[in-house]
Amino acid sequence: MESDKKSPVSDVGAWAMNVISSVGIIMANKQLMSSSGYAFSFGYNATTLTGFHFAVTAMVGLVSNATGYSASKYVPLWELLWFSIVANMSITGMNLSLMLNSVGFYQISKLSMIPVVCVMEWILHNKHYSREVKISVIVVVIGVGVCTVTDVNVNAKGFICACVAVLATSLQQISIGSLQKKYSIGSFELLSKTAPIQSISLLVLGPFIDYYLNGKFITNYKLSSGAIFFILLSCSLAVFCNVSQYLCIGRFSAVSFQVLGHMKTVCVLTLGWLLFDSELTFKNISGMIVAVVGMIIYSWAVEIEKQTNAKTMSNVKNSLTEEEIRLLKDGIEKTTVKDIELGESKE
């Protein structure tokens with residue numbers, strides 16, 4: 001798995017894996033954490049459970065490297081540490097934001113990641129976006145906002161945590177693609193290198209962060225066979241979720257991952273209504289329709305942009321080739337003349 005092959009089938013597979021695993025992990029965590037389930041409540045898990053997720057992902061990576069399924073490539077330790085710090089700030093910031101703010105403001109902060117990623121990619125990589133892409137992003141943000149945002153309450157601490165979470169998450173997702181390109185490393189290989197660092201740090205600091213959030217240590221929770229099953233299920237799904245996230249961002253971009261990733265929101269709302277009797281209002285449905293339309297427009301706009309860029313590159317390549325041929329011919333002619341002149345002067 002030294003390089004991620006790009007084909008329409010594998011691209012769809014990567015997105016499908018991300019959507020299915022993400023929705024699955026949300027459903028599993030819902031059963032695990034709800035009072036009607038196993039009451040592995042927010043105060044007990046959050047950051048610590050994420051540490052379990054990365055620990056299992058790290059073990060899968062180690063087994064993969066040991067069996068030769070994946071090859072280890074060099075990435076400087078300082079880059080891995082820096083990335084892990086940013087990623088952990090993202091996780092902790094999101095948990096603190098959800099705890100300190102209302103659900104409505106938390107959803108708004110998540111939606112703000114799309115424009116923030118766009119601005120950061122423009123600043124860091126001088127990336128520009130077409131008018132169609134910008135319009136589609138606005139449509140998606142409006143649609144998801146309509147179907148998810150309800151009450152909006154915010155305080156100073158919550159606002160700061162939300163800002164840190166948004167900036168850290170945006171930078172982390174951009175860095176995933178940048179590191180893969182910079183070191184020519186596959187998505188799974190990069191994840192195998194970052195997961196151990198993240199798991200160790202989250203398992204060490206996670207219980208204390210969770211205690212700060214809700215005043216409860218994970219040691220106070222009484223495990224049952226059902227809870228263990230759903231924790232293992234959540235960790236297993238997290239492996240696919242993490243791999244597919246790195247895979248999708250590496251193949252496409254952080255912006256595409258954010259925009260098309262909101263399909264998960266639509267699926268979660270729909271499955272919540274089907275499986276958990278969650279309320280699904282006309283406002284939710286209309287918002288989901290607008291969001292899906294925005295995603296379709298975004299996919300079309302990105303495809304048009306790719307085709308335009310491909311044509312431009314093809315024209316440039318052809319013109320450069322002709323120019324190189326002309327210069328090469330001129331160079332040969334001049335060299336021949338000089339050789340003749342030099343030959344005559346020697347005589």
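Just so it is clear, the model here is predicted, and its values are computed rather than measured. The basis for the numbers below is simple: all heavy atoms, side chains too, and nothing from hydrogens, waters or symmetry mates.
- One distance of note links CG of L237 with CG of L232; it measures 11.0 Å at 0.5 Å rounding.
- The salt bridge (Lys or Arg N to Asp or Glu O under 4.0 Å) check on K127 picks up E121, with sequence neighbours excluded.
- In terms of heavy-atom proximity, H128 sits nearest to W122 at CE1-NE1, 3.5 Å.
- Annotation for S109 and V166: closest pair O-CG2, 3.2 Å, computed over non-hydrogen atoms.
- Nearest heavy atoms, G294 versus V140: C-CG2, 3.3 Å.
- The closest donor-acceptor contact from the side chain of S170 to the backbone of L167 lies at 3.5 Å or more, if one exists at all.
- Linking Ile, Leu, Val, Met, Phe, Trp and Tyr whenever their side-chain heavy atoms come within less than 4.5 Å puts Y183 and L190 in one cluster.
- Cluster annotation: I142 is not connected to V144 through the hydrophobic network of ILVMFWY side chains, with a link wherever side-chain heavy atoms come within less than 4.5 Å.
- Put simply, V141 and V119 are part of two different groups of oily side chains (I, L, V, M, F, W, Y) that touch within less than 4.5 Å, one to the next.
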Inset, instruction - For Q245 and Q173, run side-chain contact (heavy atoms from CB on, under 4.5 Å): C-alpha distance rounded to whole Å, both residues' side-chain angles, the deciding distance at 0.1 Å, then the answer. - result: CA-CA 9 Å; Q245 179 189 12; Q173 293 183 355; 3.9 Å; yes

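- M89 places none of its side-chain heavy atoms less than 4.5 Å from the side chain of L171.
- Connectivity analysis of hydrophobic side chains (ILVMFWY, heavy atoms under 4.5 Å, direct or indirect) links I20 to nothing; its cluster partners are none.
- Taking the side chain as every heavy atom from C-beta outward, E132 and I304 never approach each other to under 4.5 Å.
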Inset, instruction - Check the pair L49, S234 against side-chain contact (heavy atoms from CB on, under 4.5 Å), reporting the backbone distance first and the verdict last. - result: CA-CA 9 Å; L49 182 60; S234 179; 4.3 Å; yes

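- The minimum heavy-atom distance between V139 and V290, with the atom names listed, is CG1-O, 3.5 Å.
- For F240, the side chain to side chain contact (heavy atoms under 4.5 Å, CB included) partners two or more places apart in sequence, or in a different chain, are M17, S21.
- In this structure, OG1 in T194 is found 9.0 Å from CG in L179, a value given to the nearest 0.5 Å.
- Under a cut-off of 6.0 angstrom, the local environment of NZ in K110 is sparse, with at most 12 non-hydrogen atoms contributed by other residues, nucleotides or ligands.
- Placement of V164 and W82 in two distinct hydrophobic clusters is found when ILVMFWY residues are connected by side-chain heavy-atom separations under 4.5 Å, directly or transitively.
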Inset, instruction - Under the side-chain contact (heavy atoms from CB on, under 4.5 Å) rule, what do S187 and R251 come out as? Steps first, then yes or no, please. - result: CA-CA 9 Å; S187 55; R251 293 184 178 207; over 6 Å; no

Inset, instruction - For W15 and F257, run side-chain contact (heavy atoms from CB on, under 4.5 Å): C-alpha distance rounded to whole Å, both residues' side-chain angles, the deciding distance at 0.1 Å, then the answer. - result: CA-CA 9 Å; W15 280 117; F257 182 75; 4.0 Å; yes

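- Atom CD1 of I114 sits about 11.0 Å away from atom CD1 of I138, to the nearest 0.5 Å.
- At a threshold of 4.5 Å between non-hydrogen side-chain atoms, the residues S192 and N65 count as touching.
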Please list, one pair per line, the donor and acceptor atoms closer than 3.5 Å that link side chains of residues 54-63 to other protein atoms, with sequence neighbours excluded.
unit_1: T57; atom_1: OG1; unit_2: H53; atom_2: O; d: 2.9
unit_1: T57; atom_1: OG1; unit_2: N242; atom_2: ND2; d: 3.2

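- Between the S22 side chain and the N18 main chain, a donor and an acceptor come within less than 3.5 Å of each other.
- Separating the CE atom in M113 from the OG1 atom in T169 is a distance of 4.0 Å, to the nearest 0.5 Å.
- Criterion: ILVMFWY side-chain heavy atoms under 4.5 Å apart, direct or through other members. Under it, I285 and V292 are part of a common hydrophobic cluster.
- In terms of heavy-atom proximity, I174 sits nearest to V117 at CD1-O, 3.9 Å.
- Annotation: salt bridge (Lys or Arg N to Asp or Glu O under 4.0 Å) contacts of K182 (sequence neighbours excluded): E79.
- In this structure, CD in Q172 is found 13.0 Å from CD1 in I85, a value given to the nearest 0.5 Å.
- The structure places CD1 of I25 at 5.5 Å from SG of C241, a figure rounded to the nearest 0.5 Å.
- The aromatic rings of Y69 and F188 stand perpendicular to each other, their planes meeting at an angle above 60°, with 30° marking the opposite boundary.
- Around CZ of F159, the count of heavy atoms belonging to other residues, nucleotides or ligands within 6.0 Å does not exceed 12.
- The side-chain hydrogen bond (donor to acceptor under 3.5 Å, both in side chains) contacts involving residues 286-297 comprise nothing, where partners must be two or more places apart or lie in separate chains.
- The shortest non-hydrogen separation linking Y246 to Q198 is OH-OE1, 4.1 Å.
- Under the side-chain contact (heavy atoms from CB on, under 4.5 Å) test applied with S84, the options L202, I200, I197 reduce to a single match, I197.
- The main-chain N or O of I249 is never found under 3.5 Å from a side-chain atom of Q180 such that the two would form a donor-acceptor pair.
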